[in-house]
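Shown next, in C-alpha cells, is the structure this report addresses.
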Amino acid sequence: MATAKKPETKETAVKKSAAAAKKATAKPEAKAAAKKATAKPEAKAAAKKATAKPEAKTAAKKTTAKSEAKKAEPVKKTAAKKAEVAKKTAAKKAEPAKKTAAKSTAKKAKSSVPKLDFDKELFKRSVLYNVKTLYRKTMEEATDQQIFQAVSYAIKDQIVDHWLKTQEAYEKQDPKTVYYLSMEFLMGRALGNSMINLTAYNDVKDALEELGVDINVIEDQEPDAALGNGGLGRLAACFLDSLATLGYSAYGCGIRYRYGMFKQEIRDGYQVEVPDNWLAEGNPFELRRPEYTKEVRFGGYVSCRTDEHGRNNYYQEGYQAVKAVPYDLPIVGYGNGIVNTLRIWDAQPVDCFRLDSFDKGDYQKAVEQENLARNIVEVLYPNDNHIAGKELRLKQQYFFVSASVQEAVAKYMRNHDDIKKLYEKVTFQLNDTHPTVAVAELMRILMDEHYLTWDEAWEVTTKTCAYTNHTIMSEALEKWPIDLFSRLLPRVYQIIEEINRRFEAEIRSKYPGNEEKVKKMAILYDGKVKMAHLAIAAGYSVNGVARLHTEILKNQELRDFYEMYPWKFNNKTNGITQRRFLLHGNPLLADWVTQKVGDGWITDLPKIAALKKYAKNEKAQEEFMKIKYQNKLRLAKYIKEHNGIDVDPNSIFDVQVKRLHEYKRQLLNILHVMYLYNQLKEHPTMEFYPRTFIFGAKAAAGYRNAKLTIKLINSVADVINNDKFINGKIKVVFIENYCVSNAEIIFAAADVSEQISTASKEASGTGNMKFMLNGALTLGTMDGANVEIVEEVGKDNAFIFGLSSDEVINYENNGGYNPMDIYKSDADIHMVLNQLINGTYSPDDPERFRHLYNSLLNTESTSRADTYFILKDFKSYAEAQKNVEKAYRNRSKWAQSAILNVASSGKFTSDRTIQEYVDDIWHLDKVVL
Ligand code: NBG
C-alpha cells in the first residue's frame with residue numbers, strides 16, 4: 001500500500017540524492033557510464049562512501065534547510081506535493097483494487113518463475129539523479145510527468161544491460177530470427193509492463209514509495225503507444241511479449257508514426273477525433289539508431305543495362321528518396337533476461353535542405369523530398385478491417401518494408417556469406433496483406449543488389465516469407481490500382497508483373513483451359529494488384545487466426561488457393577499475454593490465482609487449470625466475487641471521473657469494448673437495451689436484475705454508421721440514465737477513448753463479455769480471451785475464437801446465441817432472409833425500430849438515426865438490408881440475455897462459472913500461439929543466456 005512520505009525516509013532520500021549527484025559526473029554523456037559503473041560492487045562501495053562524505057551531508061542539510069524555509073516558493077510546492085501524494089495515497093487506500101497484489105505474488109517462497117536481480121538502492125539513486133540532471137529539480141519540485149521520465153530512464157538503464165547481453169548471445173548462438181512485419185503495434189504503456197517482466201514491479205513500487213511517490217500515479221503519466229487500430233495491432237504486441245519470454249530472436253518492424261491512433265472525445269454524444277501527439281514529452285524508452293539508416297526510393301523509371309558478363313541489370317532512376325531512420329524499443333521477456341527489439345522507422349529527407357546550392361529545379365525537388373519525408377510517417381490510418389486505398393498508405397507500406405528487409409539482409413550478410421541461404425536464418429511474417437510488398441522487395445534486393453538469378457531469388461523468397469490473414473471482410477482486402485502502384489514503385493511493379501506471369505502459367509498448367517480460374521486467382525487483374533494473391537503465391541505459409549476462420553478461408557474465401565497449395569494453409573489460433581492482461585491489469589485476481597495454484601501460470605498459462613478444483617468451493621467463490629467487486633469499484637471510480645456517471649458496482653457489468661464496426665454489432669446491443677427499457681416502462685414491477693451496459697469503441701473517422709451508432713448509444717444513455725422512473729435499474733455508459741491502458745481496468749471488472757459479431761465475420765477476436773482470463777462469462781455467437789473458448793470452458797459456462805456461420809453464409813449466397821418480415825411480425829422489434837425515427841432518442845431531430853433504421857430495413861444504404869443479421873438474431877440474443885440475468889441471480893453458480901472461465905483460459909495465451917508459429921512455420925532456435 002502506498003504511504004505518504006515519512007520525514008525520515010525523506011531525509012534519507014535527500015542524502016542519497018546528494019550522494020548520487022556527487023558521485024555521478026555532471027556531463028550528460030557520462031551519465032550512463034556512471035550509472036553502469038554503480039552496478040559493480042566496487043562502485044557500490046564508492047557510492048556508499050560518497051553518502052558518508054561531509055560535503056554530501058552538507059548538501060543534504062542545505063536541501064533540508066531550504067525545505068524548512070517556509071516562505072520559499074519550492075517549499076510551497078513541496079508541501080503541496082506532499083499533500084497531493086498523501087491525498088492520492090489516501091484515495092488509493094479507500095479504493096483498494098489497484099495494483100497491489102502482484103507483491104505477494106513475487107514474494108511467494110516457492111516461486112516457480114524466475115526472478116531477475118534488481119538493485120533497489122541503485123534504482124533510487126538513478127531516479128534522483130535523473131530528476132536532477134534532466135530537470136535540475138529535486139523530487140519535491142518535479143512534476144509527476146518529470147518523475148515518470150526519470151523513473152523510465154532508470155528502468156531503461158536496467159533494461160539496456162539485458163539488451164546488450166541478449167544481443168551478445170544472439171551474436172554467439174546465431175539463431176534464426178523472425179522479422180514480424182506489421183503496420184501496427186498497439187503497445188500501450190511500456191513502463192508497467194517492463195517492470196513486470198523485469199520481475200521488479202514490487203521492488204520499484206517499494207522504492208518509489210520510499211521516495212514518496214505513488215507508482216500508479218507515475219504509470220498514469222505515460223501516454224499509450226497507440227501505433228495500431230485494434231486487434232491486429234494488439235496481437236502483434238502480445239506476440240512480441242511472448243517471443244521475448246520464450247527466448248526467440250525476433251524483431252518487430254513497423255513505423256514510428258508521429259501521431260498514433262486518434263484520441264476520442266465525446267462531445268454532445270458524438271465522437272470527435274483529437275490528434276494523439278504521443279511523442280510530445282519524448283519517449284524515454286526509445287533509442288535512435290542512425291547508424292542503421294536506409295534509403296527508400298519512390299517513383300522515377302527503370303533502366304536496364306547489360307554488364308560485361310552479359311547480365312541485364314535494372315536500375316531505378318529519377319526517383320525521390322527518403323531516409324529511413326530506425327528507433328528501437330526494448331521488448332523485455334518475462335524473468336529471463338532476454339530483451340528483443342521493436343524497430344520502428346522514422347522518415348527524414350535525404351539531403352539537408354540547403355537553399356544556397358539549389359537552382360530552381362533542384363529547389364523544387366528538395367522541397368518535395370522534404371515533404372515526402374515529413375508526410376510519410378505522419379499518421380496511422382485509423383481504419384480497422386477497412387482499407388483506405390490512399391497513395392500515402394502504399395508509401396508507408398513500402399517505406400517500412402523496404403527499410404526492414406534491407407536491414408535484415410544486411411544484418412545477415414554481416415555474419416554470413418551465402419545469400420542463397422538467407423532462409424536458414426531469416427523469416428518474414430507478413431501481418432495481414434499490408435507488408436506484402438516485402439515479397440517483391442526481397443526479390444529486388446536479391447537480384448539487383450546481390451545478383452541472384454530469378455530462380456535463385458524466387459527460391460529464397462518463397463522460403464522466407466509467410467502470410468497471416470486476419471479477416472474475410474472484403475472491404476479490408478487490399479487491392480491497389482495498377483497505375484498508382486507502377487508509378488510509385490516502378491521496379492517492384494516490374495517484378496510483380498513477372499511473378500504474376502509465372503503464376504498464371506502455373507495455374508494454366510494445373511487447370512488447363514480454365515481461364516475463369518486464372519482470372520479469379522491472378523495477382524494482376526482488372527487494373528488491380530491483389531496483395532493477398534501475391535502473398536499466397538510467394539509465401540510458404542498462409543494462416544488464419546482461429547480454427548473457424550481458417551476453415552472459412554480454406555472452404556470459401558481462398559478456396560482456389562487452398563486447392564492449389566493445400567500444404568501452405570494452417571491455423572494459428574490467436575492468443576494474448578497473461579502478463580499484461582492479468583498480472584499487470586488485475587493484480588488482485590493475479591495474486592489470488594497465485595495463492596491457489598502457484599505462480600507457474602505467469603509463464604505457463606495452462607497451469608491455471610489447477611484452479612478448477614476451487615470452482616465449487618464456496619469460500620473460493622466468495623473470495624473471487626469480492627475481488628470482482630473491488631475491480632468493479634475501481635472501474636466505477638474511473639467512470640465517475642471520466643463520464644460523471646454513477647454506476648452501481650452491485651449491478652451486472654455487461655461490457656462490449658472493441659472497435660466500432662457494423663459486423664461487431666454494437667447496434668444489436670443498444671437496440672436490445674432500448675427493448676429492455678421499453679419492457680421496464682411497460683412492466684415496472686417485472687423481475688429485473690440491475691445492469692450496467694458498458695461500451696467502449698472508436699469508429700473510423702469516415703465511417704458514418706459507426707459514428708452514428710456512438711451517438712445513438714450516448715443518446716440512449718442520456719434518456720435511460722436520467723429516467724427516475726426505472727430507479728437506476730439500467731445504466732448505459734460509453735467509455736471515452738477506449739485504449740490499451742483503460743482496457744486493463746475494464747476487463748478486470750467485467751461480468752459479461754459481449755462477443756456478438758455476425759457469425760463468420762470476426763476472424764478471431766482477442767478481447768474475448770482477455771475477458772475470459774479475468775473471469776467474465778462470454779455472451780456470444782459461434783464466431784471466431786468464441787468457438788474455441790466455449791469448447792474449453794463448456795457451453796454451460798457461456799451464453800451462446802444466433803445464426804451459425806454456415807447459416808449466415810448460406811443466406812449470403814442464396815438469399816432467403818428479409819428483415820422486413822421480422823419488423824412486421826414482431827411488435828417489440830417494431831417498436832424499437834420506430835424509436836429510431838420518432839424522436840424518442842433524438843427529440844431535437846427525429847431524423848437523426850434514419851440511416852441506422854434504413855440500414856436494417858431498406859436496401860438504400862447497403863447492398864442487402866440488415867447485412868449483419870441483427871434483426872434475425874435479435875430474439876435469440878434477448879433470450880440469451882435473459883439467461884444471463886437468471887444465472888447471475890445464483891451467486892454461487894455464477895462464481896463457479898467465472899472461476900471455470902479463468903481456469904480454462906490456458907489455451908489462449910500468446911505463448912502457445914507463438915510456440916505453434918515457431919514449430920510449424922518459423923522453426924526458430926531457442927536462445928539461452
Ligand atoms: C482483426 C480481426 C480480429 C482478429 C485480429 C487479430 C483486422 C484486419 N483483423 O477478429 O478482425 O482478432 O485481426 O487477428 O484487423
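One-based numbering, in listed order, for ligands and for the atoms of each.
Side-chain atoms of F262 and Q271, non-hydrogen and from C-beta on, do get closer than 4.5 Å to each other. Side-chain contact between Y398 and E441 is present, with at least one heavy-atom pair separated by less than 4.5 Å.
Every atom of ligand 1 is numbered from 1 in the order shown, and the set under 4.0 Å from a heavy atom of G765 is 3 (C), 4 (C), 10 (O), 12 (O). Close approach of ligand 1 to V545 (heavy-atom distance below 4.0 Å) involves ligand atoms 14 (O). Set against the non-hydrogen atoms of Y663, the atoms of ligand 1 under 4.0 Å away are 11 (O).
Remark: K568 qualifies as a cation-pi partner of Y565 under the 6.0 Å distance and 45° angle criteria applied to the six-membered ring.
F239 pairs in a ring-ring contact (aromatic ring centres under 6.0 Å, His included) with only one of the listed residues (W922, Y917, Y248), which is Y917.
Both the backbone and the side chain of L232 come within 4.0 Å of ligand 1, counting heavy atoms alone. With a heavy-atom cut-off of 4.0 Å, N229 does not touch ligand 1 at all.
R579 and D911 are joined by a salt bridge, as a carboxylate oxygen and a charged side-chain nitrogen come within less than 4.0 angstrom of each other.
Selection from E184, H470, K658, H549 by nearest heavy atom to atom 2 (C) of ligand 1 gives H470. Of all the listed residues (N385, T471, L235), N385 holds the heavy atom that lies closest to atom 11 (O) of ligand 1.
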